[in-house]
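Presented below is the structure to which this report refers.
Throughout, protein chains are lettered first and strands after them, A, B, ... in sequence-line order, and every chain is numbered starting at 1. Predicted, not measured: the structure shown is a model, and the values here were computed from it.
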Amino acid sequence: MIDDRPAWLVKSEPSVFSFDDLWAAPDRRTVWDGVRNYQARNYLRDDMRVGDVVVFYHSNAAPAGVAGLAEVASAPYPDPSQFDPASPYHDPASDAAAPRWWSVEVRATRHLSRLVPLAELRADPRLAALDLPLLRRGNRLSVMPVPPGAVARIVELAAG
DNA sequence: GCCAACGTTGGC
DNA sequence: GCCAACGTTGGC
């Protein structure tokens, strides 16, 4: 039952890494690295658990919206890219003994029958009643919680 | 490309 | 600790 599990939304720019890219990855799986915001880091490090639902959102896209579903596929671990000088996410100030940035692995589980555009999410009264952080004004978090019931509703909209 | 909203940095 | 400047995000 999808609704019994905690759910999270992650953003990705599809021109960089799309849901289809995740679907095409080995084991449909990848490390979710490069998150460089403390609030999002706290969700990754402290709250995400194996089996949690992940809503894969395309940002900076036309249209932006929910592209598919995934799940948390590993326990949190220090984001390897912070220690990699060749990575654009390299953080020379991060100490290996007390890593600043964390990752989990995610695995794609379900293609939606179509992308659900942000405008449709905003227009849906049932989602509005759930107060999705994604839909709050000025939201810029790249990892955020999804309230109970919202995933099922998004799937309904996709089937819509 | 524009621009509003936001997070971070750094001078004081 | 304040807050202005700056850089980034992300919808349009």
### Task
Whole angstrom is fine here: how far is it from CG in A/N37 over to C1' in C/dG10?
14 Å

### Query
Does A/D27 offer a backbone N or O that forms a donor-acceptor pair with the side chain of A/R107 under 3.5 Å?
no

### Task
Please report, rounded to the nearest Å, how far the P atom of C/dT9 is from the NE2 atom of A/H58.
17 Å

### Task
Can you tell me the distance, in whole Å, between the CE atom of A/M144 and the P atom of C/dT9?
14 Å

### Query
How close or far is atom P of C/dT8 from atom OH of A/Y89, stated in whole angstroms?
13 Å

#### Entry: d(CG, A/L134; C1', C/dG10) in whole Å
11 Å

### Nearest-nucleotide 5' precedence on DNA chain B, A/N60 against A/Q39
A/N60

### Summary
With the side chain defined as heavy atoms from C-beta on, A/Y57 is closest, among B/dG7, B/dC6, C/dG11, to C/dG11

### Task
Would you indicate which nucleotide in C/dG11, C/dG10, B/dG7 comes nearest to any side-chain atom of A/K11?
C/dG10

### Query
Does A/L127 offer a backbone N or O that forms a donor-acceptor pair with the side chain of A/R122 under 3.5 Å?
no

### Message
What is the distance, to the nearest angstrom, from the CG atom on A/L121 to the C1' atom on C/dC12?
### Response
16 Å

## Note on the structure
dist A/R100:CZ -> A/D79:CG (nearest 0.5 Å) comes out at 12.5 Å

### Task
Check whether any side-chain heavy atom of A/S12 sits under 4.5 Å from a side-chain heavy atom of A/W32, and report yes or no.
yes

### Task
Would you mind reading off the distance between A/E13 atom CD and C/dC12 atom P, rounded to a whole angstrom?
15 Å

### Task
Rounded to the nearest angstrom, tell me the gap between atom CZ in A/R140 and atom P in C/dT9.
7 Å

### Query
Under 4.0 Å: is that the gap between some side-chain N or O of A/Y38 and OP1 or OP2 of B/dC6?
no

